[in-house]
Number of protein chains: 4
Amino acid sequence: MPRVTAQAREANRRALLDAGAEAFAAHGHAGARIDEISLAAGLAKGTVYNHFDSKDALFEAILREACAAADAGADRIPASGPAEARLAAFVAVNLEWASEHPALARVFARELLAGDDATRALVLGASAHCIGVVASILEEGARAGELRRDVPFEPLAVNFLCHANVLVGQSWASGWPPRPELPGTVASLFVRGLLSSPAS
Amino acid sequence: MPRVTAQAREANRRALLDAGAEAFAAHGHAGARIDEISLAAGLAKGTVYNHFDSKDALFEAILREACAAADAGADRIPASGPAEARLAAFVAVNLEWASEHPALARVFARELLAGDDATRALVLGASAHCIGVVASILEEGARAGELRRDVPFEPLAVNFLCHANVLVGQSWASGWPPRPELPGTVASLFVRGLLSSPAS
Amino acid sequence: MPRVTAQAREANRRALLDAGAEAFAAHGHAGARIDEISLAAGLAKGTVYNHFDSKDALFEAILREACAAADAGADRIPASGPAEARLAAFVAVNLEWASEHPALARVFARELLAGDDATRALVLGASAHCIGVVASILEEGARAGELRRDVPFEPLAVNFLCHANVLVGQSWASGWPPRPELPGTVASLFVRGLLSSPAS
Amino acid sequence: MPRVTAQAREANRRALLDAGAEAFAAHGHAGARIDEISLAAGLAKGTVYNHFDSKDALFEAILREACAAADAGADRIPASGPAEARLAAFVAVNLEWASEHPALARVFARELLAGDDATRALVLGASAHCIGVVASILEEGARAGELRRDVPFEPLAVNFLCHANVLVGQSWASGWPPRPELPGTVASLFVRGLLSSPAS
DNA sequence: TATGAATGAGTTTTCATTCAT
DNA sequence: GATGAATGAAAACTCATTCAT
């Protein structure tokens, strides 16, 4: 008997997380309305509180889910090769996920780029693995003589995440870079910068 | 007699703009509280409404001021020279102002990076001149063969502003890049990317 | 087959009455939570509504049960003898029951002492027989010259019930009077007051 | 300028305390409604929160005020004399106050007689002085040979407060004892009990 | 003009009650 | 009959805005 019910419950929880992501992405933590979220999920206001203790708890669950997704993607990239290609692969993997969960991706980007201090710390903490992977790509690239060594790896990894998210946001808002070229453009701009004929 | 009064009035308006910038920077538009702002300005809540029609009007005034400052800085940079140096100069000029008005700078960055669509459009519109200057630097660099030509100038200029603001935020939060090196690092990363000493 | 089921049903009803008494005793009518009651009874929230029409109906059932118990006890006391002894017997009989159903007893006391007007009227009405018995003890004691005649019997009987319940509550909360001495102390204080060597 | 305003503010605070006492007296802590209180005070709902942090804070303020009043009355009674007379004086003093602040008095009685454990502890703690005064009357009466010595003074003092409050409540609800005779009846019943004219 | 208490619409949160399983 | 997720009316609480002083 609980089987069908448990599935329905889980589906509702999912709907709330999705609707919440949408709302928090669009209006931020303070601007999102519980009413709007529950209605968008096709549920009554009170149902939110059957699944989450409070607006804050819902927000944090969404944030953690977004971070976990970023973390999970980090392991699906080549273990070796040129840093630029590995970073492009990283972006491609995450984009794939982000295009399936655009709202979650926007929450992640929003709070990473402009959350208040506590939220930003939460995002960085929950994305530690992901940041570590990017940092190690940068470190290995530097050790191989491919990349500059004058910048610390971890802040640079964080910077890469921001860079990627900014470009994703720009792509979404202005059409540039076009979606299919995003991974290549992100990695290329980050690694090669703007110099013409960079290596030739 | 009206002189002193007018001055006092102006001082109060300034205090409100400053305190408002602080609050909007820290908590975003929806999260900032009029009470907090007026108290931080050393004034009573009602006084806000002697100077601004509404919370929104205060927010917009702050936003416009921030954009205007960015715009004004755009004209104090060398009219010619290598793109990287001109971009570094741009960052340096804006940093100078930003370090005197850190809150305003953070509002600008926050809304540029993660404002809702309407606010973001407002910021971009009000920063049009500034964006145009950066775009023309990029365009001239490309025409001179110094920079890549495969990216459209205006979105790239917006991206540069974001890039710069992200690094300023990181500097503020994590200590890297160190303040004095910010302009050089911003421009270097943006123009040269991460490749190891490409030609030098 | 219906036998076991009917027994189980009855057991659940009992569990709900007991858990409800506990909750109403601890938090009063408005403060008790249906959730808390059903969980304490080891049942699901919805089951409450298979047994009672509403929270109010459950409350009233508990109240009536408590009053009925008080009423029933009233008939198990000596039909004659000194008023003090008969009152002590009354308390002893009720205490026996109360120590087996402490929560019910507390609901009775609580609503008698501080219920809102409607509830208090309900309690008094449902305890009419019990109050009548006490009143008749007092009346007979007065007619026998044992007790004062300057106080009306029925309000005094109500007062006695309150007096007894207060002392039971104090015993429970502070340890005085000790449980075994309760009937004697209650009756003695009520009948003899505090005068030293009362009769000598 | 603040003079008139401060007075008005204080008057509003008073109105809220009074209306709150009324509501808490009638419905208990959980049953009282903030809306009802603010409306009864002739104010808007939000105003409650300009004066008190929360419903709980308002409740506690009222409770403390009631306890303080009980405490204050305790010092206006004869320092010596027969215990019965002193107790009657105690009741008379408190009745005088209670008839001017009936709601406060009812809150005190209600929570003393049937509050949950935490609230009851608060009431007893905040009434410590008052209880001490009654206890010392009882102790001195016992030392003078006037009163029984077989009961501990402090629990008995608490019992006296309950006794008095119960009779006040009865007087209010049923008309007996009549208001003017209350102090005498309370003290007489408590000290002499029900024995018929024991010595006279 | 500045003040800050009051306001009340708008939110979050609670919880008795319903109902599909 | 039991279950417990969903419901939504009602409650607590927030805060931008007003306005008498």
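Letters go in sequence order (proteins before strands), and every chain restarts at 1.
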Sorted by number, residues from residues 21-37 of chain B placing a heavy atom under 4.0 Å from DNA chain E are none
With sequence neighbours left out, write down each residue that passes side-chain hydrogen bond (donor to acceptor under 3.5 Å, both in side chains) with A:Thr47, or none if nothing qualifies.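 Scan of A:Thr47 (side-chain hydrogen bond (donor to acceptor under 3.5 Å, both in side chains), adjacent residues dropped) gives none.
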Among [options], the one nearest [X] by side-chain distance:
X       : options               : answer
A:Thr5  : E:dT12, E:dG10, F:dA5 : F:dA5
D:Tyr49 : F:dG4, F:dT14, F:dA2  : F:dT14
D:Arg9  : E:dT12, F:dA2, E:dA5  : E:dA5

By side-chain contact (heavy atoms from CB on, under 4.5 Å), which residues pair with [X], not counting sequence neighbours?
X        : value
B:Asp56  : B:His29, B:Ser54
A:Ala21  : A:Ile62, A:Ala103, A:Leu104, A:Val107
C:Leu122 : C:Glu60, C:Leu63, C:Arg64
D:Asp18  : D:Arg14

On the side chain of C:Asn50, is there an atom forming a donor-acceptor pair with the base of F:dA2 - under 3.5 Å, no angle test?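 Donor-acceptor pair under 3.5 Å: yes.
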Do any pairs count as a side chain to side chain donor-acceptor pair (under 3.5 Å) and have a residue in residues 110-119 of chain D, sequence neighbours left out, and if so which ones? D:Asp116-D:Thr119
Please check the phosphate of E:dT3 (OP1 and OP2 only) for any side-chain N or O of B:Thr47 closer than 4.0 Å.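 Checking E:dT3 against B:Thr47, a side-chain N or O does come within under 4.0 Å of OP1 or OP2.
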Of all of residues 51-66 of chain A, which get a heavy atom below 4.0 angstrom from DNA chain F, listed by number? A:His51
Runs of at least three consecutive Watson-Crick or G-U pairs, both distances under 3.5 Å, are what I'm after; which ones involve DNA chain E?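 Stems for DNA chain E, defined as runs of 3 or more consecutive pairs: E:2-21 with F:2-21.
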What pairs of residues pass the salt bridge (Lys or Arg N to Asp or Glu O under 4.0 Å) test when at least one of them lies in residues 34-52 of chain B, not counting sequence neighbours? B:Asp35-B:Lys45
Once you round it to whole Å, what is the distance between C1' of E:dT12 and NZ of D:Lys45? 12 Å
For A:His101, check ring-ring contact (aromatic ring centres under 6.0 Å, His included) against everything at least two apart and list the hits. A:Trp97
Quick one: closest heavy-atom pair of B:Ile37 and B:Ala23, and the distance? CG1-CB, 3.6 Å
